[in-house]
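First comes the structure, then the notes that go with it.
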There are 2 protein chains.
Amino acid sequence: MKKIDILKKLRSSGLRPTKQRVEIAKFLFEREKTFHFTVESLNKLLTKKSASKIALATIYNTVHSFKTAGHLSEVEVRGNKTYFDTNVSNHHHFYDSETAELIDIDANDIIIQKIPKAPNGKKIKNVEVFINLKN
Amino acid sequence: MKKIDILKKLRSSGLRPTKQRVEIAKFLFEREKTFHFTVESLNKLLTKKSASKIALATIYNTVHSFKTAGHLSEVEVRGNKTYFDTNVSNHHHFYDSETAELIDIDANDIIIQKIPKAPNGKKIKNVEVFINLKN
DNA sequence: TTTCACTTTAGAATAATTATAAACTAGAAT
DNA sequence: ATTCTAGTTTATAATTATTCTAAAGTGAAA
Ligand SMILES: [Mn+2]
Ligand SMILES: [Mn+2]
Ligand SMILES: [Zn+2]
Ligand SMILES: [Zn+2]
């Protein structure tokens, strides 16, 4: 994903491409593989990588804006902090509790044969599978 | 589960059956169906039900002791608070985000046909399925 | 250029949880 | 039964993640 695409991505979702947003978006979206992170880890990585310091509140704001815009998803992981995911497609995860790391599993790599029907009056929105790992 | 069993349950896991622990254990374990709760919700319910007030710190302590003893499991649910579960067997959940409610799914009610192999050097500890509901 | 709604930021506020340390108690030892 | 003590409870402080506030800054429309 090139810089011009980043600008498009931001503008098309009604987000003004400010210096901070562009920097964070480039960091998050200009990569081949999916990236899973917490606000804390992102903050550290940005601080290390970049010259200009972005306020923590801005990182929170930006991550939430990106999530609302559909550019990030939130992953439920054991622990206190919120995890985000640059992979917004329907997919599953390995979770390695030793390293607190998430690894993507393509939706097609898990086939569920039998599934219960939703409770009365409810419908199934989506199915998430977590495969917890050990050594 | 009768009171005598509660006492056994506590003692057999090295927990002295104090007034507070017995009261919480009775509330949690003397029921037919699985119970899912947060410390906050448990605190409210206990306050309503009981005469004697149990300190919030004690509820945290007790819930963690029960979890460590294997009498409660922790469930990962979207949101800030930690959810606990009186069902400690291997099972799955419906999650209704409207009501923030969990509903058990028996392990046998979900059959997974295809599953990816664990990453190098890792093994699969367990598989958890979440079925998110909508109206 | 001027303007202004949107954005960033430092710092305060909030919410969940954990830590501290003093008072209390279950139950073993006497 | 009384004493003793390690384990427990409790009020309160501390910590951590996150959100709020409101003042200063800025992208981009006009
Ligand atoms: Mn979590
Ligand atoms: Mn959670
Ligand atoms: Zn992912
Ligand atoms: Zn359950």
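Note that the structure is predicted; figures quoted are calculated from it, not measured. Note on naming: letters A, B, ... go to the chains in the order of the sequence lines (proteins, then strands), and numbering restarts at 1 for each one.
Taking the C1' atoms of five terminal pairs at each end of the helix from C/dT1-D/dA30 to C/dT30-D/dA1, the two resulting helix axes are inclined by 20°, rounded to 10°.
Salt-bridge formation is not detected for the pair A/E98/B/K125: no Lys NZ or Arg NE/NH1/NH2 atom is positioned less than 4.0 Å from an Asp or Glu carboxylate oxygen. Using a 4.0 Å cut-off between charged side-chain N and carboxylate O, B/E74 and B/K67 make a salt bridge.
Taking only side-chain nitrogens and oxygens, A/H64 never comes nearer than 4.0 Å to OP1 or OP2 of D/dT18. Distances shown here put a side-chain N or O of B/Y60 below 4.0 Å from the OP1 or OP2 atom of C/dT17.
Here the P atom of nucleotide D/dT16 and the CG atom of A/N43 are 15 Å apart, to the nearest Å. The separation between A/I24 atom CD1 and C/dT9 atom P is 9 Å, rounded to whole Å. Computed from coordinates, the B/N80 CG to D/dT19 C1' distance equals 11 Å when rounded to whole Å. A straight line from CD of A/E23 to C1' of D/dT26 spans 16 Å, rounded to a whole angstrom.
With no hydrogens or angles considered, a side-chain donor-acceptor pair links A/E23 and A/S50 at under 3.5 Å. Judged by distance alone, the side chains of B/D85 and B/N87 never bring a donor and an acceptor atom under 3.5 Å apart.
In this structure, A/T82 and B/N80 have side chains that are not in contact, with every pair of non-hydrogen atoms separated by 4.5 Å or more.
By the 30° and 60° cut-offs, the orientation of the rings of A/H71 relative to A/F29 is perpendicular.
When ring centroids are compared, A/F37 and A/F84 come within the 6.0 Å threshold.
Across all strands shown, B/T82 has heavy atoms under 4.0 Å from sugar-phosphate atoms exclusively, and none from any base.
Residues passing the side chain to side chain donor-acceptor pair (under 3.5 Å) test with A/N135 are B/K122, sequence neighbours excluded.
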When you compare the protein's N or O atoms with those of nucleotides 8-14 of chain D, which come within less than 3.5 Å of each other, and at what distance?
from	atom 1	to	atom 2	distance (Å)
D/dT8	OP1	B/R16	N	3.2
D/dT8	OP1	B/R21	NH1	2.5
D/dT8	OP1	B/R21	NH2	3.3
D/dT8	O5'	B/R21	NH2	3.4
D/dT9	OP1	B/T18	OG1	2.5
D/dT9	O3'	B/Q20	NE2	2.7
D/dT10	OP1	B/Q20	NE2	3.1
D/dT10	OP2	B/A55	N	3.2
D/dT10	OP2	B/T58	OG1	2.6

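For A/R11, counting side-chain heavy atoms from C-beta on, the closest listed nucleotide (D/dA28, D/dT18, D/dT16) is D/dA28.
Atom NZ of B/K53 has more than 12 heavy atoms from other residues, nucleotides or ligands within 6.0 Å.
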